[in-house]
Amino acid sequence: MSTAKPQLAFYNTLTRSKAPFVPMDAGNVRLYACGPTVYDFAHIGNGRAAIVFDLLFRLLRHTYGADHVTYVRNITDVDDKINARALRDHPELPLNEAIRKVTETTAAQYQKDVAALGCLEPTIQPRATENIEEMQRLIATLVQRGHAYEAGGEVLFAVDSMPDYGQLSGRNLEDNLAGARIAVDANKRNPADFVLWKQSSAEEPGWDSPWGRGRPGWHIECSAMSERYLGETFDIHGGGLDLIFPHHENEIAQSRCAHGSHAMANVWMHNGFLQVEGQKMSKSLGNFFTIHQLLETTDFGGRKWPGEVLRLAMLMTHYREPIDFSQRRLEEAVNLLEKWERVAGDAGPAKDIEADLIARLADDLDTPGAIARLHALIMDEGKAPEGLALAELMGLRIRREVSVDAAVADQVAARLAALNAKDFAQADAIRADLAKCGIVLMDYKDEAGQRQTRWEVKR
């Protein structure tokens, strides 16, 4: 690759501004992103976060070297939702065994799903249950320093012990107190205080601790795991907008107060929300889709969607903007990929990437701008190898094994005309001829209900 390094610049939620990125140590750039809570299959909104921070990981690796970037994405495998799912799905097993069975299955599915989306494996994927000792040590430090207290068998963080609590979300202590429901927990000194360690009943998973048998609160998990693998202060912390408050705000409070540090992470990056066909994703609305469903079933749009299509559809919107995940958007991604495949099918190997080619990515992950540049390289400028190199950096797979030429396109169009004319024998004959050439056809209906066909090369 080119030795010229691009100047990266990212928007920092903490400062509400974009600034050049300067790592603490260019020999070990450190990134943490909140991973899945593995009580069920990951939904497509989780997929967006995985794609965004995978792209960031790829860009950092390109800039500083693959051996000089550490990416940690945790797995939360202790949670009340996990407990409920274990009791529901495996009532015949002891709870701890049932929980492990649920989390092993769903964690494995998550890894498979995000790999299909083109995501690299993070450097480290720690499990919460394997870091209980680190969590207890962090809690003990907070108690010792006067930032936490025991009450009613729990350990709670005292938010009024941190004068600048709320900087990330922009919520001051008075706002938190005014918005809290005082009757929720009589053990709290202040309604905004949050749990670090809570009691476990005999039917709940638990670990022995100085405060009795119990389990960690949600926020302490990421503080402990990020410290263990990245240090007390590191370069970038990422996650979805929905995690800014209370999760990331409380991570900052725990970590800074325990270590007496100025920052937990220097840069905080958050991806925007995802809607489905213009509506908030909700099971009650019937528009809740898992990554697995989109990849393996025809539940959305009447067809399966390959991982590279889902990834491109996500990257067509800037990561900080809300995204409308729609059938139309996916079809646009399909059409783009097919155009690139046809033009770049016989191109030579991807070339080294010069800094100017990734200027848009370097500017706060401007993927719409990068995709426009990629398209111009392949379609307009005759620089397919450069375009392929940029696509590879973005984790987009453009198939180059077979060039789908105009003759194939004509055959597909002829078959579609035969289907519309109800000449099924002719349609079947064309399908069979194409199958001999390794071309697989997939029929679906567009938003207007019209029959359409796309094709791909069988591997």
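To the nearest 0.5 Å, atoms OG1 (T105) and CG (D89) are separated by 9.5 Å.
Under the side-chain contact (heavy atoms from CB on, under 4.5 Å) criterion, K81 pairs with Y39, D79, not counting sequence neighbours. A search for salt bridge (Lys or Arg N to Asp or Glu O under 4.0 Å) contacts involving R303 returns nothing, not counting sequence neighbours. Listed by chain and number, the residues in a salt bridge (Lys or Arg N to Asp or Glu O under 4.0 Å) with E227 are R137 (sequence neighbours excluded). Take P322 and apply the side-chain contact (heavy atoms from CB on, under 4.5 Å) test, not counting sequence neighbours, and it matches no residue. Applying the side chain to side chain donor-acceptor pair (under 3.5 Å) test to S223 and every residue at least two apart in sequence or in another chain returns Q254, S255. Not counting sequence neighbours, the partners of R415 by the side chain to side chain donor-acceptor pair (under 3.5 Å) test are D443.
Side-chain atoms of Q452 and E331 form no donor-acceptor pair, as typed in the model, at a separation below 3.5 Å. Between the side chains of Y319 and D364, at least one donor N or O lies within less than 3.5 Å of an accepting N or O. Between the side chains of T233 and N266, no donor N or O sits under 3.5 Å from an acceptor N or O.
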Residues R329, T317; criterion side chain to side chain contact (heavy atoms under 4.5 Å, CB included); working and verdict: CA-CA 10 Å; R329 171 57 62 92; T317 297; 2.9 Å; yes
CA sep, side-chain torsions, deciding dist, call: E232, S261, side-chain hydrogen bond (donor to acceptor under 3.5 Å, both in side chains): CA-CA 8 Å; E232 295 180 3; S261 56; 5.6 Å; no
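Note: Y165 and F245 have perpendicular aromatic rings, judged against thresholds of 30 and 60 degrees for the angle between ring planes. A parallel orientation is assigned to the rings of F194 and F157, their planes being inclined by less than 30° (bins at 30° and 60°). Under the 30°/60° scheme for interplanar angles, the aromatic rings of H248 and H270 are found to be tilted. The aromatic rings of F21 and F10 sit tilted relative to each other, their planes meeting at an angle between 30° and 60°.
A side-chain contact (heavy atoms from CB on, under 4.5 Å) with M379 is found for one member of V343, L374, L336 and no other, namely V343.
The existence of a salt bridge linking R431 and D428 is excluded, since no basic side-chain nitrogen approaches an acidic carboxylate oxygen closer than 4.0 Å. For the pair K101 and E97, the salt-bridge criterion is not met [side-chain N within less than 4.0 Å of a carboxylate O].
Aromatic pair F300/F325: centroids less than 6.0 angstrom apart.
Panel note: side chain E277, backbone Q327; a donor-acceptor pair is recorded below 3.5 Å.
Cation-pi geometry between R61 and F57 is met: under 6.0 angstrom from the ring centre, within 45 degrees of the axis.
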